[in-house]
Enquirer: 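Here it is, the structure, as structure tokens.
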Amino acid sequence: MGGGIAGLCVALAAAPRPVVLVSRSRGTTGTASAMAQGGIAAAVGPGDDAVFHAADTLVAGACHNHVGAVLDLAQAAPEAVQWLGSLGVQFDRAGDGQLSLGREGGHDRARIVHAGGDATGHAVMQVLAAAAANAPHVHWLAGKTLQAIGLAADGRVAGVRVCDVAGRSAQLAAADLVLATGGIGALFSATTNPEGADGSGLALALAAGAEGRDLEFIQWHPTAFASPSGRHLPLVTEALRGAGARLVDEQGVPLMQGTHPLADLAPRDVVARRLWRHRRAGGQAWLDARRLDEAAWRQFPSVLSLCAQHGIDPRSDRIPVTPAVHFHMGGVAVDPKGESSLAGLHAVGEVACSGVHGANRLASNSLLEGLVCGRLLGARLRSQGKRAAPVLRWVDAGPDADGESRERLAMHLTAALGPLRSGESLAAAMAAITADPAMAGRWQGRLALALLAPAMARKRSLGAHYRVDSASAGNIRQGIETPAYGETA
């Protein structure tokens, strides 16, 4: 279930075992993977090493990560990039033919591989989607969503019920079900995610009895384009800051100066908190990229196109930016093999939580996770060809909330689970949702409560979970915010 980079990689790696690939759309349309402007992090440059990549991942994740999973991801990255190249992905290269590497927040050096500049996700998805469409073992059902999970008498997954836009449903037998349904951003008032990233896959997995993990850790990207209307905001890639752009206020004063040793290239949670505070105080945040030369701008065609649509030339104008929900570090709890606590249910990509991202994902590790973990999961499932048992009962997540209720829910979640949190705001959101049957009685409301409860229970700040009412809410010393590293779950 899911046609992003993780789902496509599982499907391709499972050959020759027959795979039914179910997605909302076909190809590159409507997936967060295709929208990814950042690249793929990999230690492929001179003097770089997977250990350094892993160290940056751990620091960004506030050392809440599963260390083994982090090392495996970093070590597999170079070969994964090579594999994509063998499929036909044209990565950006310098004049000498070597990979052209960019730098993003949280990385101690340039190690981001790009294809088509800031259109890496689209370039990678085009190649993977074509490979899946031409693979004889893959039967691709597009235009359908997951409606229910069928369980056998022993509690194992035995099938799925899917539904198309006209409301017609179909039942499919499944000895193994892989969830690759993406994130939860569409539940919030501002997100860089597509509409389909509404958490429905996670909600259904939890309803079926699968365990969740780290559900309170939600990453806000600091630089979404500050559009005056709309929930789904275009991303302004972090790579611009890696190329020299700076975050400034209305007077052009740098916002990150004195906030963190890495300034504009600090981890995303730190930058998002700074911009959130500034905007909550009535200020406007801007990304000033006017210092970039024409050679640098050739790496950012997506940003140039986005700005042009809004009457902005970023070579002479500043870009208005705002924090928006970008990535869910939590999800269906899976082991390093991608198995959940529910027999026959596997998860990969953003809907899953293996612990690799910890409390805050490192930039450009998301496409990498879908690529590496998807291929590993597909290879493991390749040899498991048992027949599906008869379905004894069907489990769905519950009724859908109406549009007005979803708007109220988004308002409560945004207020409570933003870059800055407090016990008071979390309790208020939980009380409001619980008291309103139009929210609490719908699957979106139940999922919202599942996100809020662990955030309420975690009293101390950790990574993207930042409690302003916590003694550990940032150790302010000499003007530098030091994340609370090393705290365990």
Side-chain angles (χ1 to χ4, degrees), residues 1-23 25-45 50 53 72-94 97-102 111-142 178 180 182 239 299 301-302 338 346 348-350 352 364-383:
M1 299 300 310
I5 189 170
L8 292 177
C9 284
V10 172
L12 291 171
R17 186 180 179 188
V19 172
V20 178
L21 177 64
V22 184
S23 64
S25 58
R26 184 185 296 273
T28 61
T29 305
T31 65
S33 299
M35 296 166 64
Q37 292 183 3
I40 300 171
V44 294
H53 181 186
D72 288 344
L73 183 75
Q75 290 169 348
E79 190 277 330
V81 170
Q82 290 181 355
W83 177 73
L84 285 177
S86 72
L87 291 183
V89 176
Q90 299 295 314
F91 289 111
D92 298 341
R93 297 183 180 274
Q98 298 298 309
L99 287 170
S100 179
L101 303 177
R111 66 163 64 93
I112 314 303
V113 179
H114 290 275
D118 58 1
T120 303
H122 181 76
V124 170
M125 283 291 294
Q126 277 190 314
V127 170
L128 291 177
N134 294 322
H137 72 288
V138 176
H139 178 54
W140 197 335
L141 293 178
V178 176
Q299 300 301 311
S302 298
H346 319 267
V348 67
E350 192 172 351
S364 287
N365 270 356
S366 57
L367 289 179
L368 177 63
E369 179 198 17
L371 174 61
V372 170
C373 297
R375 293 178 69 204
L376 288 173
L377 178 55
R380 182 173 64 79
L381 293 175
R382 181 188 304 154
S383 60

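This is a predicted model, so every value here is computed, not measured.
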Enquirer: Specify the closest pair of heavy atoms between Trp140 and Ser23, including all atoms of both residues, with the distance to one decimal.
Expert: NE1-OG, 2.9 Å
Enquirer: Taking salt bridge (charged side-chain N to carboxylate O under 4.0 Å, His left out) as the definition, give me every residue that meets it alongside Arg26, ordered by chain and number, with sequence neighbours left out.
Expert: none
Enquirer: Say you draw a straight line from CG of Leu73 to SG of Cys373; how long is it, rounded to the nearest 0.5 Å?
Expert: 6.0 Å
Enquirer: Identify the heavy atoms of Ala142 and Ser25 that sit nearest to each other, and give their distance.
Expert: CB-C, 4.0 Å
Enquirer: Of the non-hydrogen atoms in Ala132 and Val138, which two are nearest, and what is the gap between them?
Expert: O-CB, 3.7 Å
Enquirer: Give me the atom names and distance for the closest heavy-atom approach of Leu368 to Ser364.
Expert: CB-O, 4.0 Å
Enquirer: Run Leu21 and Leu8 through side chain to side chain contact (heavy atoms under 4.5 Å, CB included) and show every step you take.
Expert: CA-CA 8 Å; Leu21 177 64; Leu8 292 177; 3.6 Å; yes
Enquirer: Are the side chain of Ser33 and the backbone of Ile5 linked by a donor-acceptor contact shorter than 3.5 Å?
Expert: yes
Enquirer: Go through it in stages, so that I can follow the logic: the residues are Leu84 and Leu128, the test is side chain to side chain contact (heavy atoms under 4.5 Å, CB included), and I'd like the CA-CA distance, side-chain angles, deciding distance and then a yes or no.
Expert: CA-CA 8 Å; Leu84 285 177; Leu128 291 177; 4.0 Å; yes
Enquirer: Enumerate the residue pairs fulfilling salt bridge (charged side-chain N to carboxylate O under 4.0 Å, His left out) with a member in residues 77-87, sequence neighbours excluded, ordered by first and then second residue.
Expert: Glu79-Arg375
Enquirer: If we only count heavy atoms from C-beta on, is the Ile112 to Leu101 side-chain gap below 4.5 Å?
Expert: no
Enquirer: Rounded to the nearest 0.5 Å, what separates atom NE2 in His346 from atom CG in Leu377?
Expert: 6.5 Å
Enquirer: Are the side chain of Arg382 and the backbone of Ala13 linked by a donor-acceptor contact shorter than 3.5 Å?
Expert: yes
Enquirer: Could you give all pairs that pass the salt bridge (charged side-chain N to carboxylate O under 4.0 Å, His left out) test and reach residues 2-17, with sequence neighbours left out?
Expert: Arg17-Asp176
Enquirer: Would a distance-only check, ignoring hydrogens and angles, find a side-chain to backbone donor-acceptor pair under 3.5 Å from His122 to Ala115?
Expert: no
Enquirer: Hey, what do you get for OG1 (Thr31) to CE (Met125), rounding to the nearest 0.5 Å?
Expert: 3.5 Å
Enquirer: Would you find a donor on one side and an acceptor on the other, under 3.5 Å apart, between the side chain of Ser100 and the backbone of Ala94?
Expert: no
Enquirer: Going by distance alone, is a donor N or O of one side chain under 3.5 Å from an acceptor N or O of the other, for Ser302 and Asp118?
Expert: yes
Enquirer: Decide yes or no for His53 and Asn365: does some side-chain heavy atom of the first lie under 4.5 Å from some side-chain heavy atom of the second?
Expert: yes
Enquirer: Show the nearest heavy-atom pair for residues Leu367 and Gly38, with the distance to one decimal.
Expert: CD1-O, 4.0 Å
